[in-house]
Amino acid sequence: MLEKYPKSYSPREAERKWYEIWQKNRIYEASVQSTKPGYSILMPPPNITGILHFGHVLNITIQDVYIRWKRMLGFEVCWFPGTDHAGIATQTRVEKELAKQGLTRYDLGREKFLEKVWQWKEEYGNIILRQLRELGISCDWSRTLFTMDESASNAVREVFIRLFDEGLIYRGKGIINWSPLSQTALSDEEVEFREVKEHLYTLRYFFENSSEYLPVATVRPETIFGDVAVAVNPNDERYNKFIGKNVVVPLANRAVPVIADEYADPHFGTGCVKITPAHDPNDFEVGIRHNLPIINSINPDGTLNEYALEFNGLERFEARKRIVEKLKEKNLIERIEDYVHNVGFSQRGGEPIEPYLSDQWFVKMKPLAEIALKPVLDGRIRFFPKHWEKTYQHWLENIRDWCISRQLWWGHRIPVYYTPDGRYTAARNVDEARKKLNLSKNVELTQDPDVLDTWFSSWLWPLTTMRWLADGITEDTPDLQKFFPTDLLVTAPDIIFFWVARMIMATMKFKNEIPFRDVYFTSTIRDGLGRKLSKSLGNSPDPLMIIEKYGADATRFTMTYLSPLGQDLRMDIDVKTQDIPSMEIGRNFANKIWNAGRFLLLKRDMVFLQDCCPQNQERVLTSEELSFADRWILSRLHSTISKVYRNLENYRINEYSKTLYDFVWRDFCDWYIEIFKVQLNENNELSFNQALMRFAMDLFENILKLIHPIMPFISEELWHLIRNKSKNKSISLEKYPEPNEDLIDEVLEADFEVIQMVVEEIRRMRVDLGLEPNKKIDVILSTNRTNLIDMLQKIKAPISSLVRANSLEVSVESPTNEKALTSIVREVEIHIPLTGEIDINRELERIQKELERLNKNISSIESKLSNQTFLTKANPEVVEREKVKLESMKETLAKLENLYTKLSKI
RNA sequence: GGUGGCUUAGCUCAGUUGGUCGAGAGCGUUCGCCUCACACGCGAAAGGUCACUGGUUCGAAUCCAGUAGCCACCACCA
């Protein structure tokens, strides 16, 4: 019999089995024909180069909780999965593969290279989705979308053309963030600033044919070859007399003018700024203002070009060293200081970015920002936690145009065609372009070689997942009708600008509707030292290993349990063993549930003599038959259910987990099951026992349903074990429990708490007495409160069992027996008659402490109650509660004092 | 520089509209138990001026202001 339900739960076996069954039965595929109301979530598409990390685990688990919850609530639920082509990341990855064979993408050519990337994508691109399955997620795999699928690409192209025709996409020259490593432009969001220790060099810019010079400070001496002026502040009396004169750029030996511009801050550095329009955004502005020439002295790969004369061809940082040496040699440096400042780095490649002048494509963001701000400000879109709205607003109000062109091959190619003489338009194909430009058939057009920023397809995700413009024409689709707008987006706060804001822009722009109603920003996951998880720090264990060790349910549970809304999640990651010990929370909880289930199953088999299932039992407990404990656990169950709803609705997912944990472990296992054991007495009539068994099983089934969204596997496994013999063989748990307010009895719960306190006190007294664990004791409880007497009488047997008592007497009068250990809890006096001696001093000390505590509380309540303003202003209920509390405390106090004097006389 | 967040037991944190908090949980620690579901367990204990200062209020861990420390995001002057 014991082998039938093993003592310890092995999660992985059950998890593999159930995922296969769920998949085979396609139970998570959504139907647009359903008459149920729709509920949908878009899965943030992971990069095809990605592998599973704990950010995904948390993010995906939360989504699955909501998906499963809503499904059980009777919604037609659709969770749209997919992957992102991740332009730079993927192209770099494949180029690395090529490099192993000594090849570059240029060796293959564009077409052949793209073939290679597609091959790579087919082979490795779905790894991440397979990994996600290990978590047991219930998305609709039949709707999986890849951002470069034809349907999505069609929408991307149409959107580009529309925005181009509207003038919201333009081509322009500007200083952009250039990645010398990937040799492409980046958007502002793809650059992260880090503090770097460098040097500030003060160089000597001599006046022509003079020994006088202007001191010019720079951290980038290698850019002097692009200098076209030196600026001073017109109000700077040290220098304004030189305005209009020429100085000679060191090493370059070119004369450039001294100009006046407010941009030069007299209080910073030397007050003189070299102007290098091609390599600094501010200088570029100055250049335009003063109509200065532009000299680009750096190549796309980050080496200096012919303007750098003898330094031509040197990599920029190597060049800096050599140039500084040369400047020193020629005594052109006045001084060198240590200098800490911020440098932009490529978020992906990690190399310092180069502000670079080039022709790129931009999206005009102002109009889009305006329409995206509205729905958040007016509450149509809600952020959780709310404070991100401010960040969102600030970004949109200070937005700059979005550089969308990338000098890559992997991505959506920009649908723009150029004539040989440089005219251009956006079009679906060459013919259309010719038509738009009024050209004859024989004019050769060339397509723009660049591709679009990856996020230019991601921002359409709410639309492309639902097949919007999948054929380039059809705007309305069944999916859109059923599932748009989506209900919830779960994502990390670091892509609020990259993705969240832009999705809102796009759907507001193209559909004039919000893309989602609620946005939940997940916790950033950190290690015990508060560091972000990263491969290089070695503090990022492989989730699959953790899942393998603890189980998917345990991993899901622990992650949500530890993840508070709006705060970072700290995990105790052991770098050496790559383990996360706190995963034991979930594992132990799963094991606890398993054993509770196992216990009930074993009892069931006894009570029902096999081959029957409590749920087929027609006899149920009548309300008169419900014991005090039964009614208590029912009340607790429904309090818990209503708390679960409240927590899930407010996205307090950690509270949801905690609520379940406490209810299952503390209320159900520690108290109810223990009492149930006593209630299920051999002397009962069989039919009563069967009805009681059914009552307990019903409770447990409710528990399984409550935990199903967060622990889908173990709940499914146990549910099927329970229902095995029944005729009802549906695939998965259905119908989420609903709270029944009528069954919640707060007075009853409070009364039960007194019983719990009494039991705990008796147990403590046992320890005080140094009793053997199995030693049975006699207990006398006394109180003059009739309701308590009544209650204690009714639950006498379970209490006796919980405290291992031979006999338990309940009376009004306290016994006169001298030889007893006595204690007082609330209004209940507890006596344990003893055979041996007790340590009087220790008892006195304990009582003394308790007296002090009580006195303190009493005087605080008394002062409250003697305060007239409190009595008049406070809520009458509160006053009443305080009065009752005081009454109870005074009673306890009197009893304790009594006991104290009695003891001290001995 | 701007904005937001955090500070409650040794550690990680709950504490949702101020009164049911007569401050909680898990881990860790200490003591006792293989009690016929569970040692991934059971029972018990020790441990807190709720960062500091002031204010609002009859009443503050909870609201407001300031201070300190930590963190994040945004901007960025050579």
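Throughout, a chain's letter reflects where its sequence line sits, starting with A, and its residues are numbered from 1.
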Filter on salt bridge (charged side-chain N to carboxylate O under 4.0 Å, His left out), then keep only pairs touching residues 261-277 of chain A, sequence neighbours left out; what's left? A/Asp227-A/Lys274, A/Asp261-A/Arg289
By side chain to side chain contact (heavy atoms under 4.5 Å, CB included) - contacts of A/Gln756 (at least two apart): A/Trp632, A/Trp671, A/Phe752, A/Glu753
More than 12 heavy atoms of other residues, nucleotides or ligands under 6.0 Å from CZ of A/Arg238: yes or no? yes
Under the salt bridge (charged side-chain N to carboxylate O under 4.0 Å, His left out) rule, what pairs show up with a residue in residues 546-555 of chain A, not counting sequence neighbours? A/Arg12-A/Glu548, A/Arg16-A/Glu548, A/Lys549-A/Asp579
Thinking salt bridges, do A/Glu760 and A/Arg763 make one under a 4.0 Å N-O criterion? no
N/O contacts under 3.5 Å, protein versus nucleotides 24-31 of chain B?
unit_1 : atom_1 : unit_2   : atom_2 : d
B/G26  : OP1    : A/Arg666 : NH1    : 2.8

Could you tell me which residues satisfy side chain to side chain contact (heavy atoms under 4.5 Å, CB included) with A/Asn654, sequence neighbours excluded, listed by chain and number? A/Pro564, A/Arg652
RNA chain B contacts among residues 747-766 of chain A, heavy-atom distance under 4.0 Å: A/Glu760, A/Arg763, A/Arg764
Given that both pair distances must be under 3.5 Å and the pair must be Watson-Crick or G-U, what runs of three or more consecutive pairs involve RNA chain B? B:1-7 with B:68-74, B:10-13 with B:24-27, B:29-33 with B:41-45, B:51-55 with B:63-67
Judged by atom type as modelled, is there a donor-acceptor pair below 3.5 Å linking the side chain of A/Asn539 to the main-chain atoms of A/Lys532? yes
Base, sugar-phosphate, or nothing for A/Arg587, non-hydrogen atoms under 4.0 angstrom? base
Atom pairs under 3.5 Å: protein N/O with N/O of nucleotides 2-4 of chain B:
unit_1 : atom_1 : unit_2   : atom_2 : d
B/G4   : OP1    : A/Lys390 : NZ     : 3.0
B/G4   : O2'    : A/His387 : ND1    : 3.1

A/Asp572 meets the salt bridge (charged side-chain N to carboxylate O under 4.0 Å, His left out) criterion, sequence neighbours left out, with none
Only counting residues at least two apart or in another chain, list the ones meeting salt bridge (charged side-chain N to carboxylate O under 4.0 Å, His left out) with A/Glu397. none
Those residues at least two apart in sequence (or on a different chain) that pass side chain to side chain contact (heavy atoms under 4.5 Å, CB included) with A/Asn806 are A/Lys776, A/Asp778
Could I get the full list of side chain to side chain contact (heavy atoms under 4.5 Å, CB included) partners for A/Thr202, not counting sequence neighbours? A/Pro215, A/Ala217, A/Thr270, A/Glu334, A/Arg335, A/Glu337
When you measure from the side chain of A/Glu285 to the backbone of A/Asn282, do you find a donor-acceptor pair of N or O atoms at a distance under 3.5 Å? no
Kindly say if A/Trp665 contacts the phosphate of B/C40, meaning a side-chain N or O under 4.0 Å from OP1 or OP2. no
